[in-house]
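For clarity, every value in this text was computed on a predicted model and none was experimentally measured. Residue numbers begin at 1 in each chain, while the letters A, B, ... track the order of the sequences. The analysis underlying the following values was restricted to heavy atoms, covering all of them including side chains, and did not include hydrogens, waters or symmetry mates.
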Protein chains: 2
Amino acid sequence: MAEPNVYDSTCSARDALELIASKWAMLILPALSAGPMRNSALLRKIGGISQKMLTQTLKDLERNGLVIRHDMQTVPPHVEYRLSALGNSLSEALIALDRWAERHSGDLDAARERFDAGRTEGV
Amino acid sequence: MAEPNVYDSTCSARDALELIASKWAMLILPALSAGPMRNSALLRKIGGISQKMLTQTLKDLERNGLVIRHDMQTVPPHVEYRLSALGNSLSEALIALDRWAERHSGDLDAARERFDAGRTEGV
DNA sequence: ACAATTACGCACCTTTTGGTGCCTATGAGT
DNA sequence: ACTCATAGGCACCAAAAGGTGCGTAATTGT
């Protein structure tokens with residue numbers, strides 16, 4: 001327990017990894033790095049996410065101290081989400097990943113095409 | 001299509017993100033960054049992974065050009081996996097994430113405890 | 001008076017993910 | 001002659017992820 005190691009499945013670092021290795025967390029945290037956002041704004045910004053997954057992921061991130069939820073206690077509801085310091089430090093690493101994905105998605109596409117073509121052309 | 005954006009669910013960068021936002025890819029790629037490895041070595045190094053998931057993930061990574069599979073064509077089989085240049089550039093970002101997880105898993109644990117305690121203590 | 005808005009909760013259902021056990025082939029060790 | 005190790009494939013099954021539709025409470029706009 002002294003030296004957390006992600007390769008050890010019993011280590012809590014593994015749990016941490018699973019939390020952040022989520023498609024939605026990888027988008028929500030970087031989205032919040034620009035500043036606090038409301039539910040509806042996140043819903044608009046992150047294409048393809050459902051209300052359910054947004055709420056669920058935000059709650060999970062809040063529970064783990066990465067996101068801070070601020071409920072204005074008004075009706076109709078006004079709730080803002082922002083990064084904690086911890087969340088902010090993580091989102092830097094996630095932004096790097098997102099950028100990598102944006103920059104290299106073309107390479108992946110090309111590799112996939114090559115691979116699949118090779119498979120059908122036989123030996 | 002000119003500017004790939006991960007927030008756009010129809011963009012191929014999103015597919016790229018989903019590929020790398022996988023628990024196992026996040027461990028396999030960094031593991032390979034130390035040098036080529038055999039199936040059995042990876043199985044030993046990465047605690048908790050099953051043979052099935054290892055094979056499956058490696059195949060997916062190979063298909064997308066991140067990992068190169070080198071089959072020695074011997075019996076008993078000897079197969080080595082190593083990172084491509086593309087895979088290597090990605091693994092740097094992943095290693096940063098793994099390290100974050102190792103360094104901050106304690107913070108996450110603490111936050112979770114606090115959160116859950118608050119929930120049970122009532123209003 | 002009536003609809004829309006906001007940020008969800010809940011239940012139901014489908015899809016995906018992942019685990020397990022069983023199978024292959026051959027050469028090396030006993 | 002027999003077993004072990006290697007790198008998987010394949011089929012079956014359990015579990016988890018995720019989508020959709022419905023309800024909610026009060027206030028603002030028409």
Side-chain angles (χ1 to χ4, degrees), chain A residues 6-7 9-10 14-28 31-32 36-64 67-82 115 119 123, chain B residues 6-7 9-10 14-28 31-32 36-64 67-82 115-116 118-119 123:
Chain A
V6 283
Y7 295 114
S9 63
T10 67
R14 183 66 79 82
D15 298 340
L17 197 63
E18 290 185 39
L19 173 71
I20 63 191
S22 131
K23 176 168 75 169
W24 300 124
M26 285 210 177
L27 292 170
I28 293 175
L32 289 176
M37 279 190 140
R38 300 182 62 173
N39 181 336
S40 47
L42 285 166
L43 219 43
R44 260 176 273 117
K45 171 148 194 165
I46 302 173
I49 197 171
S50 66
Q51 174 65 65
K52 177 185 171 180
M53 287 314 296
L54 179 57
T55 309
Q56 196 172 298
T57 309
L58 281 171
K59 198 187 296 174
D60 208 24
L61 295 174
E62 187 201 359
R63 190 165 98 99
N64 285 274
V67 159
I68 295 168
R69 187 186 122 107
H70 187 45
D71 189 339
M72 311 301 195
Q73 304 280 12
T74 61
V75 169
H78 184 123
V79 179
E80 279 190 358
Y81 296 93
R82 62 187 174 85
F115 185 90
R119 287 283 125 198
V123 196
Chain B
V6 284
Y7 294 114
S9 63
T10 67
R14 182 65 79 82
D15 298 340
L17 197 62
E18 290 185 39
L19 174 70
I20 63 190
S22 132
K23 176 168 76 169
W24 300 125
M26 285 211 176
L27 292 170
I28 293 175
L32 289 176
M37 280 190 140
R38 301 182 63 174
N39 180 341
S40 48
L42 285 166
L43 220 41
R44 260 176 273 118
K45 171 146 193 165
I46 301 173
I49 197 171
S50 66
Q51 173 65 64
K52 177 185 172 181
M53 287 315 295
L54 179 58
T55 309
Q56 195 172 298
T57 308
L58 281 170
K59 199 187 296 175
D60 208 24
L61 294 174
E62 186 200 0
R63 190 165 99 99
N64 286 273
V67 159
I68 295 167
R69 187 187 122 106
H70 187 46
D71 188 339
M72 311 301 195
Q73 304 281 11
T74 61
V75 169
H78 183 122
V79 179
E80 278 190 358
Y81 296 93
R82 62 188 174 84
F115 185 90
D116 293 347
R119 287 285 125 198
V123 197

Tabulated below should be each protein N or O lying under 3.5 Å from an N or O of nucleotides 4-9 of chain C; please produce it.
residue : atom : partner : partner atom : Å
dT6(C)  : O3'  : R38(A)  : NH2          : 3.0
dT6(C)  : O3'  : P77(A)  : O            : 3.0
dA7(C)  : OP1  : R38(A)  : NE           : 2.7
dA7(C)  : OP1  : R38(A)  : NH2          : 2.8
dA7(C)  : OP2  : S40(A)  : N            : 3.3
dA7(C)  : OP2  : S40(A)  : OG           : 3.1
dC8(C)  : OP1  : R69(A)  : NH1          : 2.4
dC8(C)  : OP1  : Y81(A)  : OH           : 3.4
dC8(C)  : OP2  : Y81(A)  : OH           : 2.1
dC8(C)  : O5'  : N39(A)  : ND2          : 3.3
dG9(C)  : OP1  : K59(A)  : NZ           : 3.3

My understanding is that only residues two or more places apart in sequence, or in another chain, count here; which of them pass side-chain hydrogen bond (donor to acceptor under 3.5 Å, both in side chains) with [X]?
| X | value |
| --- | --- |
| R82(B) | none |
| T74(A) | none |
| H70(A) | none |

In Å and rounded to the nearest 0.5 Å, what is the CZ to CE distance from R44(B) to M37(B)?
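One finds 8.5 Å between CZ of R44(B) and CE of M37(B).
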
In Å and rounded to the nearest 0.5 Å, what is the CG to CD1 distance from L27(A) to I46(A)?
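Atom-to-atom, L27(A):CG and I46(A):CD1 are 5.5 Å apart.
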
Under 3.5 Å donor-acceptor pairs involving side-chain atoms of residues 52-62 of chain B, not counting sequence neighbours:
residue : atom : partner : partner atom : Å
T55(B)  : OG1  : Q51(B)  : O            : 2.9
T55(B)  : OG1  : Q51(B)  : NE2          : 2.8
T57(B)  : OG1  : M53(B)  : O            : 2.6

Test K23(B) against L17(A) for side-chain contact (heavy atoms from CB on, under 4.5 Å), laying out the working first.
CA-CA 7 Å; K23(B) 176 168 76 169; L17(A) 197 63; 5.5 Å; no

Can you see which heavy atom on Y81(A) is nearest to which on L42(A), and at what distance?
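So the minimum-distance heavy-atom pair works out to CD1-CD1, 4.4 Å.
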
Quickly work out the I46(B) CD1 to dG19(C) P distance and round it to whole Å.
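Those two atoms, CD1 and P, are 13 Å apart.
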
Extract, from 5' to 3' on DNA chain D, the first and final nucleotides lying under 4.0 angstrom from some heavy atom of chain B.
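The footprint of chain B covers dT6(D) to dG9(D).
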
